[in-house]
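Here's the structure we're looking at; comments come further down.
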Amino acid sequence: MTITSPHLGSPSSAWTDARLLYALEEVVETELNRHLKVAKDWMPHEYVPWSDARNFPGLFEDGEAWEKEQSKVTEIGRIALVVNLLTEDNLPSYHHEIASLFGRDGAWGTWVHRWTAEEGRHGIVMRDYLLASRAVDPDKLEAFRMAHMSEGFESDNRHSMLHSVAYVAFQELATRVSHRNTGHQSGDPVCDRMLARIATDENLHMVFYRNLLKAAFELAPDLTMQAVRDVIVNFRMPGHGMPGFERAAAQMAIGEVYNMRIHHDDVLQPVLRHLKVMEIDGLGPEGLKAQEELGMFMGGLDAEALKFDEKLAARKARMAARAKA
């Protein structure tokens with residue numbers, strides 16, 4: 001069946017996942033080539049403080065048991081690093097999800113494998129850093145990894161290619177922000193440099209998907225608007241199923257690694273503004289409804305973030321007062 005030209009658009013009923021994948025193939029190839037030109041290869045081992053490493057108990061007679069005081073990493077840095085690493089650990093499941101959805105052939109397949117290879121470096125360097133610097137209990141970290149990966153991962157958006165593209169456009173930026181803020185809060189310049197390197201990759205991944213989302217808006221504006229609304233309203237980070245995630249997320253929110261204000265200001269709004277999502281006109285009834293609902297949701301999220309800001313400021317004031325007492 002003939003696919004409508006991307007420049008002419010297509011009725012919502014005509015767009016299936018298969019047709020969208022085919023219609024976006026040229027855009028994917030363009031974005032892949034752009035990505036490969038700007039992405040810089042880097043060596044994970046160059047970011048790890050190997051001279052700080054020493055044996056743990058086990059096969060080595062000189063093994064030294066882990067203690068929290070052995071590392072300069074702050075408590076919030078330690079919590080966020082574990083959450084971020086466990087999220088990266090589920091890469092096999094993520095690869096399966098996107099390879100099944102986007103395919104393994106052509107430009108789509110090349111991107112899927114390249115993205116997986118780049119993401120793999122993140123888990124490698126983070127784990128090596130954590131063990132070499134003794135930032136976390138290695139036994140607990142491995143227990144968490146086994147528990148988390150044994151549960152597997154299923155994306156909330158696996159039912160739809162458009163929803164998946166919309167999700168990763170925001171999620172890659174969320175991951176970039178989380179890594180960067182973790183580095184800032186870690187108390188260790190070596191950790192900060194490592195996470196800044198990872199964040200650069202995540203930002204490039206965001207740009208790839210953001211540009212793909214832009215093309216999807218041009219192809220199927222109504223369906224894409226509905227997908228963006230659904231993704232934003234129901235957004236969850238991919239690590240939500242890991243052990244102790246809710247408590248860790250609350251601590252990261254208070255520690256200003258990732259919270260509602262950051263989510264609204266530094267993740268959702270930049271992508272929405274860049275794509276001018278709230279300014280898109282010519283939408284049909286369903287697209288217009290989705291746009292209006294998205295605007296209402298963002299307004300509500302901003303109000304909730306303001307309440308959080310006020311509570312956080314009050315908490316800081318109490319802590320400052322106690323410190324002076």
Please evaluate residues Tyr129 and Asp188 with respect to the criterion side-chain hydrogen bond (donor to acceptor under 3.5 Å, both in side chains), reporting the C-alpha separation (whole Å), side-chain torsions for both, the decisive distance (0.1 Å), and the verdict. CA-CA 11 Å; Tyr129 167 81; Asp188 181 9; 2.5 Å; yes

Please assess Arg145 against Glu142 for the test salt bridge (Lys or Arg N to Asp or Glu O under 4.0 Å), listing each intermediate value before the final yes or no. CA-CA 5 Å; Arg145 188 191 71 83; Glu142 178 60 12; 2.8 Å; yes

Exercise for the section: Check the pair His95, His113 against side chain to side chain contact (heavy atoms under 4.5 Å, CB included), reporting the backbone distance first and the verdict last. Expected result: CA-CA 8 Å; His95 174 83; His113 296 306; 3.4 Å; yes

Arg34 vs Glu31, test: salt bridge (Lys or Arg N to Asp or Glu O under 4.0 Å). Steps then yes/no.
CA-CA 5 Å; Arg34 181 198 55 77; Glu31 289 303 312; 2.8 Å; yes

- Query: Between Arg19 and Trp15, does a side chain to side chain contact (heavy atoms under 4.5 Å, CB included) hold up when you go through it step by step?
  - Reply: CA-CA 6 Å; Arg19 290 177 178 177; Trp15 287 117; 3.9 Å; yes

Under the side-chain hydrogen bond (donor to acceptor under 3.5 Å, both in side chains) criterion, do Asn84 and Ser178 qualify, and how do the steps go? CA-CA 8 Å; Asn84 291 350; Ser178 180; 3.2 Å; yes

Test Thr175 against Gln171 for side-chain hydrogen bond (donor to acceptor under 3.5 Å, both in side chains), laying out the working first. CA-CA 6 Å; Thr175 304; Gln171 186 269 324; 2.6 Å; yes

Check step by step if salt bridge (Lys or Arg N to Asp or Glu O under 4.0 Å) holds for Glu304 and Lys307.
CA-CA 5 Å; Glu304 289 297 315; Lys307 293 178 183 177; 3.6 Å; yes

**Message:** Assess the residue pair Glu75 and Gln251 against the criterion (side-chain hydrogen bond (donor to acceptor under 3.5 Å, both in side chains)); give the C-alpha distance rounded to whole Å, side-chain angles, the decisive distance to 0.1 Å, and a yes or no.
**Reply:** CA-CA 10 Å; Glu75 183 63 19; Gln251 291 170 307; 5.7 Å; no

- Query: Can Tyr47 and Arg197 be said to form a side chain to side chain contact (heavy atoms under 4.5 Å, CB included), step by step?
  - Reply: CA-CA 9 Å; Tyr47 287 81; Arg197 177 59 261 184; 3.4 Å; yes

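Residues Glu151 and Met242 fail the side-chain proximity criterion, which asks for heavy atoms closer than 4.5 Å. Between Cys191 and Lys72 there is no side-chain heavy-atom pair separated by less than 4.5 Å. A heavy-atom distance below 4.5 Å is found between the side chains of Val165 and Phe102. Contact of the Arg78 side chain with the Leu81 side chain is not registered, since no non-hydrogen atoms from C-beta on lie closer than 4.5 Å. At least one side-chain heavy atom of Met161 sits less than 4.5 Å from a side-chain heavy atom of Leu24. The closest side-chain heavy-atom distance from Leu20 to Leu162 is below 4.5 Å. Contact check for Val27 versus Asn211: no side-chain heavy atoms found under the 4.5 Å cut-off. Side-chain contact between Leu272 and Ile232: present, with at least one pair of heavy atoms (C-beta onward) separated by less than 4.5 Å.
In this structure, the side chain of Trp111 does not engage the main chain of Val28 through any donor-acceptor pair within 3.5 Å. Asn181 places a side-chain N or O within donor-acceptor distance of the main-chain N or O of Val257, the cut-off being under 3.5 Å. For the pair Glu172 (side chain) and Asn203 (backbone), a donor-acceptor distance under 3.5 Å is absent. Put simply, the side chain of Glu279 never gets that close to the backbone of Lys276: no donor and acceptor are under 3.5 Å apart. Side-chain atoms of Asn33 come within 3.5 Å of backbone atoms of Glu29 as a donor-acceptor pair (strictly under, hydrogens ignored). In this structure, the side chain of Asn55 does not engage the main chain of Asp62 through any donor-acceptor pair within 3.5 Å. A side-chain donor-acceptor contact under 3.5 Å links Arg54 to the backbone of Asp52. With Gln226 contributing its side chain and Asp222 its backbone, the two residues share a donor-acceptor pair below 3.5 Å. No donor-acceptor pair closer than 3.5 Å links the side chain of Glu218 to the backbone N or O of Leu213. Formation of a donor-acceptor pair under 3.5 Å by the Glu118 side chain with backbone atoms of Asp201 is not found in this model.
Between atom CG of residue Asp302 and atom NE2 of residue His264 there is a gap of 4.0 Å, rounded to the nearest 0.5 Å. Considering CG of Leu173 and NE2 of His274, their distance stands at 11.5 Å, rounded to 0.5 Å. A distance of 14.5 Å separates CH2 of Trp115 from CG of Leu204, quoted to the nearest 0.5 Å. The CD atom of Gln291 sits 4.0 Å away from the CE atom of Met225 when rounded to the nearest 0.5 Å. Between the CE atom in Met126 and the CG atom in Asp89 there is a gap of 8.5 Å [rounded to 0.5 Å]. The structure places CG of Asn90 at 12.0 Å from CD of Glu119, a figure rounded to the nearest 0.5 Å.
Closest of all the heavy-atom pairs between Ser133 and Ser71 is O-CB, 3.5 Å. Leu312 approaches Ile254 most closely through the heavy-atom pair CD1-O, 3.6 Å. Of all heavy-atom pairs spanning His179 and Ala199, the tightest one is CB-CB, 4.5 Å. Considering all non-hydrogen atoms of both residues, Pro44 and Val125 come closest at O-CG2, 3.3 Å. Nearest heavy-atom pair, Leu101 versus Ser164, reported as atom, atom and distance to 0.1 Å: CD2-OG, 2.9 Å. Among all heavy-atom pairs drawn from Pro238 and Thr87, the shortest one is CG-CG2, 3.8 Å.
Checked against a 6.0 Å centroid threshold, the rings of Tyr167 and Phe235 count as neighbours. Proximity of the aromatic rings of Trp50 and His45 is defined here by a centroid distance below 6.0 angstrom, and this criterion is not met.
Within a 6.0 Å sphere centred on CG of Asp105, heavy atoms belonging to other residues, nucleotides or ligands number 12 at most. In Met278, the CE atom is crowded: over 12 heavy atoms of neighbouring residues, nucleotides or ligands sit closer than 6.0 Å.
Phe208 does not carry Arg114 over the face of its six-membered ring by the limits of under 6.0 Å from the centre and within 45° of the normal.
Both Phe297 and Leu275 sit in one connected hydrophobic cluster of ILVMFWY residues. Membership requires side-chain heavy atoms under 4.5 Å apart, directly or through other members. Following chains of ILVMFWY side-chain contacts shorter than 4.5 Å, one can reach Val267 starting from Phe308, so the two form part of one hydrophobic cluster. Taken together through direct or relayed side-chain contacts under 4.5 Å among Ile, Leu, Val, Met, Phe, Trp and Tyr, Met298 and Leu306 form parts of separate hydrophobic clusters. Taking hydrophobic clusters as Ile, Leu, Val, Met, Phe, Trp and Tyr residues chained together by side-chain heavy-atom distances below 4.5 Å, Met260 shares a cluster with Val233. Linking ILVMFWY residues whenever their side-chain heavy atoms come closer than 4.5 Å, directly or via other members, places Leu32 and Leu212 in the same cluster.
The one candidate from Lys316, Arg180, Arg261 that meets the salt bridge (charged side-chain N to carboxylate O under 4.0 Å, His left out) condition with Glu256 is Lys316.
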